[in-house]
Amino acid sequence: MNTLSRRKLITAGLAATAGVSGLAVAARMADRHGLIPPDCGGIYGLGHTLTYASHRILTANSLAREFPRSEISKTPYANGKPPKDAEFKHLEAGGFADWRIAIEGLVARPASLSLADLKAHSSRSQITQLACEEGWSFIAEWTGVPLAEVLNAAGILPQARYVLYYSIQRNWLGSVDMADAMHPQTLLTYGMNGGELPVGHGGPLRLRVPRQLGYKSVKFINRLKVTDNLDELPKGKSYSWYAGI
Ligand SMILES: Nc1nc2c(c(=O)[nH]1)N[C@H]1C(S)=C(S)[C@@H](COP(=O)(O)O)O[C@H]1N2
Ligand SMILES: [Mo]
């Protein structure tokens with residue numbers, strides 16, 4: 001199906017979902033509010049789009065569930081191995097004092113921030129669940145600075161639509177729209193369960209996006225880029241781009 005007829009189908013679906021009175025209204029709404037995800041094509045595209053669009057229409061500002069301290073998992077599962085390369089080992093040996101995260105792209109004041117710089121911002125702690133698409137999950141207390149605060153300090157330009165986040169593990173590139181980037185529970189996370197964030201869980205720094213599945217919470221992040229497009233995303237990825245829960 002070509003992109004044009006896909007868009008027509010999507011906006012027809014949106015008209016039904018949102019209960020608005022006509023296709024023209026739905027099409028305008030979809031365009032204006034950016035309700036078409038990057039993986040709108042392909043056999044799962046319509047489903048991805050309707051999920052994304054309806055979440056954005058119905059629950060744009062909703063909060064992920066937060067749990068009482070008593071529900072924190074005793075043995076949280078660390079998925080995969082921390083990076084083994086010399087650069088990471090060197091940074092780890094130095095207590096990550098030299099870890100930096102670059103803030104780039106559509107911002108007025110690009111920056112390079114250390115963990116100490118991040119900790120100088122206001123911190124937020126929240127007890128949320130990390131759920132993997134494979135079916136397992138755990139609950140932990142996560143501490144960090146809201147991404148919104150760091151982005152606001154850098155001065156987001158009006159064209160901004162997405163934030164890309166890069167890991168020292170090159171094959172892990174994450175991205176969210178501005179609704180999730182600016183959401184109060186989206187944290188640049190440096191602490192877990194009262195201590196430093198362990199390397200098993202992405203220490204010294206990961207982005208926690210608690211309104212989406214675990215694979216959007218990329219570990220070992222060292223660069224953020226505010227953009228107006230997602231051209232850098234690898235093509236033909238199997239996970240859906242939007243993984244709202
Ligand atoms: N850099 C990096 N980030 C990553 C992953 C990874 O392997 N490398 N795995 C993802 C997946 S699929 C999940 S479910 C969670 C797991 O987080 P955990 O290791 O804290 O359990 O991290 C996500 N972020
Ligand atoms: Mo996962």
Side-chain angles (χ1 to χ4, degrees), residues 37 39 44 48 51 64-67 69 71-92 96 98-104 113 115 118 124-145 147 162-177 180-181 183 185-225 230 232-234 236-245:
D39 50 1
Y44 299 119
H48 291 164
T51 303
R65 181 168 167 206
E66 295 191 25
F67 295 81
R69 199 159 289 280
E71 294 211 39
I72 291 176
S73 304
K74 300 282 176 290
T75 49
Y77 180 65
N79 193 26
K81 299 256 179 303
K84 285 197 209 62
D85 59 284
E87 186 192 358
F88 186 82
K89 286 283 165 208
H90 179 75
L91 288 161
E92 185 178 14
F96 296 117
D98 292 329
W99 189 275
R100 292 285 183 285
I101 181 162
I103 318 291
E104 308 172 351
L113 306 174
L115 296 167
L118 294 176
R124 176 178 172 127
S125 290
Q126 61 204 17
I127 300 171
T128 57
Q129 184 178 50
L130 186 147
C132 174
E133 77 295 346
E134 291 168 343
W136 52 269
S137 68
F138 65 90
I139 293 169
E141 181 181 40
W142 309 93
T143 300
V145 51
L147 177 60
Y162 306 99
V163 175
L164 297 171
Y165 38 106
Y166 303 77
S167 174
I168 200 166
Q169 287 183 322
R170 296 275 162 75
N171 53 339
W172 280 89
L173 166 63
S175 54
V176 287
D177 64 8
D180 266 329
H183 189 274
Q185 289 173 314
T186 297
L187 299 188
L188 279 169
T189 301
Y190 47 71
M192 180 178 163
N193 294 337
E196 300 287 304
L197 180 65
V199 291
H201 292 285
L205 193 65
R206 87 185 297 179
L207 192 69
R208 271 290 287 136
V209 185
R211 298 199 307 171
Q212 296 202 41
L213 286 175
Y215 63 81
K216 299 296 280 194
S217 289
V218 175
K219 309 197 270 190
F220 322 110
I221 62 165
N222 57 8
R223 181 152 82 102
L224 290 179
K225 190 159 96 186
L230 292 173
E232 272 179 61
L233 292 197
K237 255 201 110 202
S238 52
Y239 294 158
S240 72
W241 175 73
Y242 179 69
I245 44 179

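All values derive from a computational prediction rather than experimental measurement. We count ligands from 1, going down the list as the structure has it; atoms in each ligand are counted the same way. Residue numbers run from 1 in the order of the sequence given.
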_Nearest non-hydrogen protein atom, atom 20 (O) of ligand 1_ = His201 ND1, 2.7 Å

*With a 4.0 Å cut-off on heavy atoms, is Gly80 touching ligand 1?*
no

*Quick one: which of Thr189, Thr143, Asn193 gives a side chain to side chain donor-acceptor pair (under 3.5 Å) with Ser125?*
Thr143

*asked:* With no hydrogens and no angle check, just 3.5 Å: does a side-chain donor-acceptor pair link Glu104 and Tyr166?
replied: no

_Mode of Trp172 contact toward ligand 1 - side chain, backbone, both, neither (heavy atoms, under 4.0 Å)_ = side chain

_Closest heavy-atom pair and its distance - Ala243, Gln212_ = N-OE1, 2.7 Å

*Considering the heavy atoms of Leu130, write down every atom of ligand 1 situated less than 4.0 Å from one of them.*
16 (C), 17 (O)

*Are any side-chain N or O atoms of Ser167 and backbone N or O atoms of Val218, one a donor and one an acceptor, separated by less than 3.5 Å?*
no

*Gln129 and Glu71: side-chain donor and acceptor closer than 3.5 Å?*
no

_Tyr239 versus ligand 1: do any nitrogen or oxygen atoms come within less than 3.5 Å of each other?_
no

*Taking all heavy atoms of Trp99 and all of Ile221, pick out the closest pair and write down the distance.*
NE1-O, 3.0 Å

_Per-residue contact class, Trp142 against ligand 1 - non-hydrogen pairs under 4.0 Å_ = neither

*Identify, for atom 16 (C) of ligand 1, the protein heavy atom at the shortest distance, and state residue, atom and that distance.*
Asn79 CB, 3.7 Å

*Distance filter under 4.0 Å to Gly200 heavy atoms, resulting ligand 1 atoms*: 19 (O)

*So is there a nitrogen or oxygen of Trp136 less than 3.5 Å from a nitrogen or oxygen in ligand 1?*
no

*asked:* Are any of the N/O atoms on Lys219, whether in the backbone or the side chain, positioned under 3.5 angstrom from an N/O atom of ligand 1?
replied: yes

_Contact summary for Arg206 and Ser217, nearest pair of heavy atoms_ = NH2-O, 2.8 Å

*Counting N and O atoms only, with roles assigned by atom type, does the side chain of Asp180 sit under 3.5 Å from a partner on the main chain of His183, one being a donor and the other an acceptor?*
no

*Before giving the answer on side-chain hydrogen bond (donor to acceptor under 3.5 Å, both in side chains), spell out for Glu133 and Tyr215 the whole-Å C-alpha distance, their side-chain angles and the decisive distance to 0.1 Å.*
CA-CA 8 Å; Glu133 77 295 346; Tyr215 63 81; over 6 Å; no

*Heavy-atom contacts with Ser217 under 4.0 Å: which atoms of ligand 1 show up? List them by number with element.*
22 (O), 23 (C), 24 (N)

*Indicate, with yes or no, if the rings of Phe96 and Phe88 have centres closer together than 6.0 Å.*
yes

*Which atoms of ligand 1 sit under 4.0 Å from any heavy atom of Phe220?*
1 (N)

_Close-contact set for ligand 1 against Cys132 heavy atoms, below 4.0 Å_ = 14 (S)

*To which protein heavy atom is atom 23 (C) of ligand 1 closest, and what is the distance rounded to 0.1 Å?*
Gly214 O, 3.3 Å

*Please could you name the atoms of ligand 1 that Glu133 approaches to less than 4.0 Å, counting only its heavy atoms?*
12 (S)

*Could you establish whether Arg206 and ligand 1 come within less than 4.0 Å of each other, counting only heavy atoms on the residue side?*
yes

*Looking at Gln169, which atoms of ligand 1 are within less than 4.0 Å of one of its heavy atoms?*
1 (N), 2 (C), 6 (C), 8 (N)

*asked:* Tell me the protein heavy atom at minimum distance from atom 21 (O) of ligand 1, and give that distance in Å.
replied: Tyr77 O, 2.6 Å

*Can you check whether Val163's main-chain N or O pairs, donor with acceptor, with Lys225's side chain at less than 3.5 Å?*
no

